[in-house]
Amino acid sequence: MAEVLVLVDHVDGAVRKPTLELLTLARRIGDPVAVHLGPGADTAAPVLAEHGAVKVLTADAPEFADYLVVPKVDALQAAAAAVSPAAVLVASSAEGKEVAARLALRLGSGIITDAVDVTAGDEGPVATQSVFAAAFTTRSRVSRGIPVITVKPNSAPVEAAPAAGTVEPLEVSFGELATGTKVVSRTPRQSTGRPELTEAAIVVSGGRGVNGAENFSIIEELADSLGAAVGASRAAVDAGWYPHSNQVGQTGKSVSPQLYIANGISGAIQHRAGMQTSKTIVAVNKDAEAPIFDLADYGVVGDLFQVVPQLTAEVKARKG
Amino acid sequence: MSLRIVVAVKYVPDATGDRHFADDLTTDREAVDGLLSELDEYAVEQALQIADAADDAEITVLTVGPEDAKDAVRKALSMGADKGVHVEDDALHGSDVIGTSLVLAKAIEHIGYDLVVTGMASTDGTMGVLPALLAERLGIPQVTLLSEVAVADGTVTGRRDGDAASEQLEAALPALVSVTDQSGEARYPSFKGIMAAKKKPVESLDLSDLGIDAAEVGLAGAWTAVQDAAKRPERTAGTIVKDEGEGGKQLAAYLAEQKFI
């Protein structure tokens, strides 16, 4: 069976959930071969094997952390040369997409980004995408070269599928461009203890109606009662009420959780683009005419300062 | 020596319009009014600020697209860019990002550059990979997704706010930067700017001017193929209740019924 390369997204060997989802998709096309770059391969390998990796190619070098994007492209190119894969799957993070694009060009391959599903097809993998602010669903394939596909988080279930996961070192020689962009310093984001926005099963968001940074605590309290991530509309972020890293929408994160709760968000196209594919959508807004209600499976027309705390209290009571 | 800045911009269908596909499964660019991609306004703005900070700089705005795409160049010129280049060729219809990056790279080399500036993504394709592809093709450092950028003494520095960390980046010119919508509000063209833009030169180029074989671009030259496109089914109308004092509890009951609690 053909091998499928999966670039591992991890923090010092702690494998992020989207990578496990990629392994699920890779198994539909062939035998997953994980590529682990940077430290922590010993920690990551058993997890990758447990989820279907037949092989784990590893390389560690300071270049991966000290320079932007290109060292990883060099490594993935070396991995592609080593295994002649049927496809390359990469998580649709900002960096993942950049790595994938440069790799595709080097391989003479087409690239598809932000797939929400990947299936095997007669002429190679078929990728489903959600486009034009999720107004359309397309199915596409790469028609030249080794298909390079980036996949959004929450696009596939994480499945246990134990495989050998044989660890093999990957020889990487860095090209001249690898050291072109130096990462002079890196300030890790402080963990909020909440789930990652793009990976969360439930997202609770606040918008213009939240009316101030100090009021976001009621959004956070609801989120915490549900074990949810916190999102914000562009209006709330532009007003400085919540960090840009939590922005949901066209220029922020695109989320597809099981449940999305929009509070004080009107539902402009820019926001809908980032959350329209959520399975269940709930909205709280005082304006009955807000377009968000057109998307909502359940909506409450009312003052979020009344409705949300009551909801939080009720959730806590029901959860006991 | 003058700092030569090229800003690559895209003419896109208005995102608030009813965008859809043409019969050949390419983006329909006729039915919805086009405009300079909002995210590219940030690129023009940062180019203008970098040029202001330099002793001497010239900004060329570059676009690839149908005849109307010239509107996007004019908008950027009215904001303050110095000249425009418009690559237009019937053979370009249906190009994918690989083909588009080839044309842009050839055009950027034709213009001559020290710094290439782009937005973070287009508002129609939304891939966000064109900047990386351009850097790869041009063989220059990519300093991408910046929320802050500065150029001094032949070096680009900037801040990239990623998911896990905020990174301070540095690269020597020539280089490519892409900027996010967090990089600072774009200026509105002044009346004077709009009038001046009418007199600024816009060079028109086609594929033969750039030495590109038509077979390398367009729908037939694309390395990806869209098999089908379906309108997403309308969401079925949900239950909307008015809060009469029990709205939060009613919502909790709904969430419990849906097994979220």
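The sequence lines fix the lettering, A, B, ..., with proteins before strands; numbering per chain opens at 1.
The greatest number of non-hydrogen atom pairs below 4.5 Å with chain A, out of B:Thr16, B:Leu255, B:Leu251, is found for B:Leu251. Of the listed residues (B:Ala222, B:Ala135, B:Ala237), the greatest number of heavy-atom pairs within a distance under 4.5 Å of chain A belongs to B:Ala135. Contacts with chain B were tallied for A:Lys286, A:Gln270, A:Gln247, A:Arg189; A:Arg189 has the most, counting heavy-atom pairs under 4.5 Å. Options A:Arg186, A:Arg139, A:Glu176 differ in how many heavy-atom pairs under 4.5 Å they form with chain B, and the most are formed by A:Arg139. With chain A as partner, the option from B:Thr157, B:Thr27, B:Leu130 having the largest number of non-hydrogen pairs under 4.5 angstrom is B:Thr27. When each of B:Gly238, B:Ala252, B:Pro141, B:Ser166 is checked for heavy-atom pairs under 4.5 Å with chain A, B:Ser166 comes out on top. Highest contact tally toward chain A, considering only B:Pro233, B:Ala253, B:Ala121, is held by B:Ala253 [criterion: heavy-atom pairs under 4.5 Å]. Ranking B:Ala171, B:Ala225, B:Ala229 against chain A, the residue ahead of the rest is B:Ala225, based on heavy-atom pairs under 4.5 Å. Counting heavy-atom pairs closer than 4.5 Å to chain B, the top-ranked of the candidates A:Ala104, A:Gly252, A:Gly302, A:Ala135 is A:Ala135.
Side-chain atoms of A:Gln258 and A:Ile202, non-hydrogen and from C-beta on, never get closer than 4.5 Å to each other. Between B:Glu45 and B:Arg187, some side-chain heavy-atom pair lies under the 4.5 Å cut-off. At least one side-chain heavy atom of A:Glu196 sits under 4.5 Å from a side-chain heavy atom of A:Arg16.
Remark: the B:Ser147 side chain and the B:Arg160 side chain contain no N/O donor-acceptor pair separated by less than 3.5 Å. Side-chain contact annotation: A:Ser225 with A:Lys319, donor-acceptor N/O pair under 3.5 Å absent. Side-chain atoms of B:Asp153 and B:Thr155 form no donor-acceptor pair, as typed in the model, at a separation below 3.5 Å. Defined by atom type and a distance below 3.5 Å, a donor-acceptor pair is present between the side-chain atoms of A:Arg102 and B:Gln142. Counting only N and O atoms by type, the side chains of B:Ser101 and B:Arg137 include a donor and acceptor under 3.5 Å apart. At a cut-off of 3.5 Å, with distance as the only test, no side-chain donor of B:Gln258 or A:Thr280 sits close to an acceptor on the other residue. Looking at A:Ser256 and A:Thr277, their side chains do bring a donor and an acceptor atom within 3.5 Å of each other.
Only the side chain of B:Met120 comes within contact range of chain A, judged by heavy atoms closer than 4.5 Å. Both the backbone and the side chain of B:Gln250 come within less than 4.5 Å of a heavy atom in chain A. For A:Gln190, no part lies near chain B; criterion is any non-hydrogen pair under 4.5 Å. Using a 4.5 Å cut-off between heavy atoms, A:Lys316 does not touch chain B at all. Neither the backbone nor the side chain of A:Val99 comes within less than 4.5 Å of any heavy atom of chain B. Only the side chain of A:Gln306 comes within less than 4.5 Å of a heavy atom in chain B; its backbone stays farther off. Heavy atoms of B:Leu169 lying under 4.5 Å from chain A belong to its backbone as well as its side chain. For A:Gln129, no part sits under 4.5 Å from any heavy atom of chain B, backbone or side chain. Looking at A:Lys253, the atoms closer than 4.5 Å to chain B (heavy atoms on both sides) all sit in the side chain, from C-beta outward. For A:Leu295, the parts lying under 4.5 angstrom from a heavy atom of chain B are both the backbone and the side chain. A:Val142 touches chain B through backbone and side chain together, each having a heavy atom under 4.5 Å away. No part of A:Ser245 comes within reach of chain B, as not one of its non-hydrogen atoms sits under 4.5 angstrom from that chain. For A:Val300, the parts sitting under 4.5 Å from any heavy atom of chain B are the backbone and the side chain alike. Only the side chain of A:Ile269 comes within contact range of chain B, with at least one heavy atom under 4.5 Å from a heavy atom of that chain. Only the backbone of A:Ser109 comes within contact range of chain B, judged by heavy atoms closer than 4.5 Å. Contacts of A:Val308 with chain B are absent, with no heavy-atom separation under 4.5 Å from either backbone or side chain. With a threshold of 4.5 angstrom between heavy atoms, B:Leu133 approaches chain A through its backbone and through its side chain. With a threshold of 4.5 angstrom between heavy atoms, B:Ala175 does not approach chain A through any atom at all.
When each of B:Asp181, B:Thr180, B:Thr126 is paired with A:Thr251, the side chain to side chain donor-acceptor pair (under 3.5 Å) condition holds for B:Asp181 and for no other. The one candidate from A:Thr113, A:Ile111, A:Val90 that meets the side chain to side chain contact (heavy atoms under 4.5 Å, CB included) condition with A:Lys97 is A:Thr113.
Using a 4.0 Å cut-off between charged side-chain N and carboxylate O, B:Asp161 and B:Arg159 make a salt bridge.
In terms of heavy-atom proximity, B:Thr123 sits nearest to B:Val12 at OG1-CG2, 3.3 Å.
Aromatic ring orientation, A:Tyr298 versus B:Tyr254: parallel (interplanar angle below 30°, classes split at 30° and 60°).
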*asked:* Between B:Asp24 and B:His93, is the side-chain hydrogen bond (donor to acceptor under 3.5 Å, both in side chains) condition met? List the steps.
replied: CA-CA 10 Å; B:Asp24 64 358; B:His93 173 79; 2.7 Å; yes
